[in-house]
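The structure under discussion appears below in the form of structure tokens.
No hydrogens, no waters, no symmetry mates; every other heavy atom, side chains included, goes into these values.
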2 protein chains.
Amino acid sequence: MANGTTLTKGAKANSRDAILDAAERLFANSGFEGTSMRSIAEAAGVAQALLHYHFGTKERLFAEMFTRRSEAINAARIKRLDSLFAQGVPTLEEVLDTLLRPLIELGHDESRGGSYFSRLVVSVAADRDPRSCALIADNYDPLARRFISALMRVLPGLKEADAVRGYLFVIGVGMTIMAPTGRLNRLSGDRCDDADIESMVDHAVPFAAAGLRSFAAGAVTAGTPEGGLQ
Amino acid sequence: MANGTTLTKGAKANSRDAILDAAERLFANSGFEGTSMRSIAEAAGVAQALLHYHFGTKERLFAEMFTRRSEAINAARIKRLDSLFAQGVPTLEEVLDTLLRPLIELGHDESRGGSYFSRLVVSVAADRDPRSCALIADNYDPLARRFISALMRVLPGLKEADAVRGYLFVIGVGMTIMAPTGRLNRLSGDRCDDADIESMVDHAVPFAAAGLRSFAAGAVTAGTPEGGLQ
DNA sequence: GTCTATAGTTCGATAGAC
DNA sequence: GTCTATCGAACTATAGAC
């Protein structure tokens, strides 16, 4: 956003977008510290000095790259969530699918930039560095609040504290999908494929739904009263 | 392990362990690329050259640090799992508690080294870099196979593919606990605290148990047949 | 085992021409 | 808006004395 030129959007592949695309791919593969401004400039086909002209510092380049795609993904999620509730109260599964699928799909869009962002957002979300925490707070907290209240609407018994905790657990399950490392394939003897996003989401949604319903049923308050834990 | 000196263990705080402790703390806070050998040497109170004398390269130092605590954590998990099955077939909740709690507890041990490792293992587990994947495979795949078969024993209806997927989803939920960023506090208006590990595990276990039971019930096979998704 | 000193590389950022 | 050239700092790793 705020392109600086007259064009706000379009097919014109300017150098600014080329830099952001290259940065997204390289940052996702090697992290913030592991990626050099030199390598980004080379991948984008521009001089290194141009990166500093457009973004000032490496940190601001990272933040703009992160915000750019976060906004696209969250706009798609909010739009789907709104259209869901426009037709009445949706099912829990529909809400969870709306939460997880756009991030997965847009994070794996191979056509442009793609396939890298979902991995990147996992490492930023798990990072305790204040800069990473600020990036998550700015880009994802408003969305989180929308979905937490949506969860409470579709699951009447769910208390707010459990909705928040449950939301974060769902994000944790989603992280498994967003960072396909090949481990699922290895551990399953190649019977499963963690690169098969559709299948992963199709399993993650009912898993998360069952977990949340157990919260709504009031199963957990103090040490699982009748579950027999320890 | 393989200390090099006559001492295999003990109170003797040799420089080798001091280096590993400092490395654990700094790598967890700033990542592999973001941590310099200089800063580790300084934190350990030794010359930088000593790091290379003991470990050769930065990469091998990281691997030894990672393996050291992984072995301690997984030994505790296996020991608890074995003692659980020695008394008959445990509950699903007991198995999940055994999977999650030692990593959390040992990862948050403030007394020595501590509190850092659990954050570190999250970033390594989510990393797609072949070196990180190898570290996870070497240190955690044997444990994963043990727990996956344990899940199938305590949940008779659970197919192996779903057990593997479910195991990874549980690890995803656990990641939420292992990387406390303060986000839970913020989103809940300080009604919850993600630094309260006990409470987090007490909620994560029933959440994960409900998710796994839904797999065992055969609720998911092809697009959630009767759930009404989309 | 532990140190000092340093070689050799790469980094983020800037200056200044066009 | 884009480039070439370069500064000064930081990095990993090694050499060699003790």
Any residue meeting ring-ring contact (aromatic ring centres under 6.0 Å, His included) with B/Phe32, in chain and number order, not counting sequence neighbours: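 B/Phe32 satisfies ring-ring contact (aromatic ring centres under 6.0 Å, His included) with B/Phe27, B/Phe62 only.
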Can you list every pair that meets salt bridge (Lys or Arg N to Asp or Glu O under 4.0 Å) and has a residue in residues 178-193 of chain A, with sequence neighbours left out?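 Salt bridge (Lys or Arg N to Asp or Glu O under 4.0 Å) check on residues 178-193 of chain A returns A/Arg183-B/Asp141, A/Arg186-B/Asp141, A/Arg191-B/Glu160.
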[X] [atom1] to [N] [atom2], straight-line distance once rounded to whole Å:
X: B/Glu42; N: D/dA10; atom1: CD; atom2: C1'; value: 13 Å
X: A/Leu51; N: D/dC3; atom1: CG; atom2: P; value: 10 Å
X: A/Leu61; N: C/dC11; atom1: CG; atom2: C1'; value: 15 Å
X: B/Phe55; N: D/dA13; atom1: CZ; atom2: C1'; value: 16 Å

With sugar-phosphate taken as primed atoms, P, OP1 and OP2 and all else as base, the protein-contact string of nucleotides 12-18 of chain C at under 4.0 Å (heavy atoms; B, S, -) is BBBB---
Listed by chain and number, what are the side-chain hydrogen bond (donor to acceptor under 3.5 Å, both in side chains) partners of [X], not counting sequence neighbours?
X: B/Asp194; answer: none
X: B/Ser70; answer: B/Tyr140
X: B/Glu42; answer: none

Counting side-chain heavy atoms from CB outward, which of D/dT4, D/dG1, C/dG1 is closest to B/Leu50?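 Nucleotide nearest to B/Leu50's side chain: C/dG1.
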Consider the side chain of A/His54, meaning its heavy atoms from C-beta on, and name the nucleotide among D/dT4, C/dC3, D/dG1 that approaches it most closely.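 The nucleotide sitting nearest to the side chain is D/dG1.
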Hey, is the main chain of A/Val205 close enough, under 3.5 Å, to the side chain of A/Asp97 for a donor-acceptor pair?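 Answer holds: no.
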Would you mind reading off the bend of the helix from C/dG1-D/dC18 to C/dC18-D/dG1 from its two end axes, five pairs each, to 10 degrees?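 One end axis against the other gives 0°.
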Table please: side-chain donor-acceptor pairs of residues 120-127 of chain B below 3.5 Å, with sequence neighbours left out.
| from | atom 1 | to | atom 2 | distance (Å) |
| --- | --- | --- | --- | --- |
| B/Ser123 | OG | B/Leu120 | O | 2.8 |
| B/Asp127 | OD1 | B/Asp129 | N | 3.1 |
| B/Asp127 | OD2 | B/Ser132 | OG | 2.9 |

Can you name the side chain to side chain contact (heavy atoms under 4.5 Å, CB included) partners of A/Asn29, sequence neighbours left out?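 Expected list: A/Arg25, A/Tyr116, A/Arg119, B/Arg128.
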Counting just side-chain N and O atoms, does A/Ser15 come under 4.0 Å of either OP1 or OP2 of D/dT2?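 True: A/Ser15 side-chain N/O within range (under 4.0 Å) of D/dT2 OP1/OP2.
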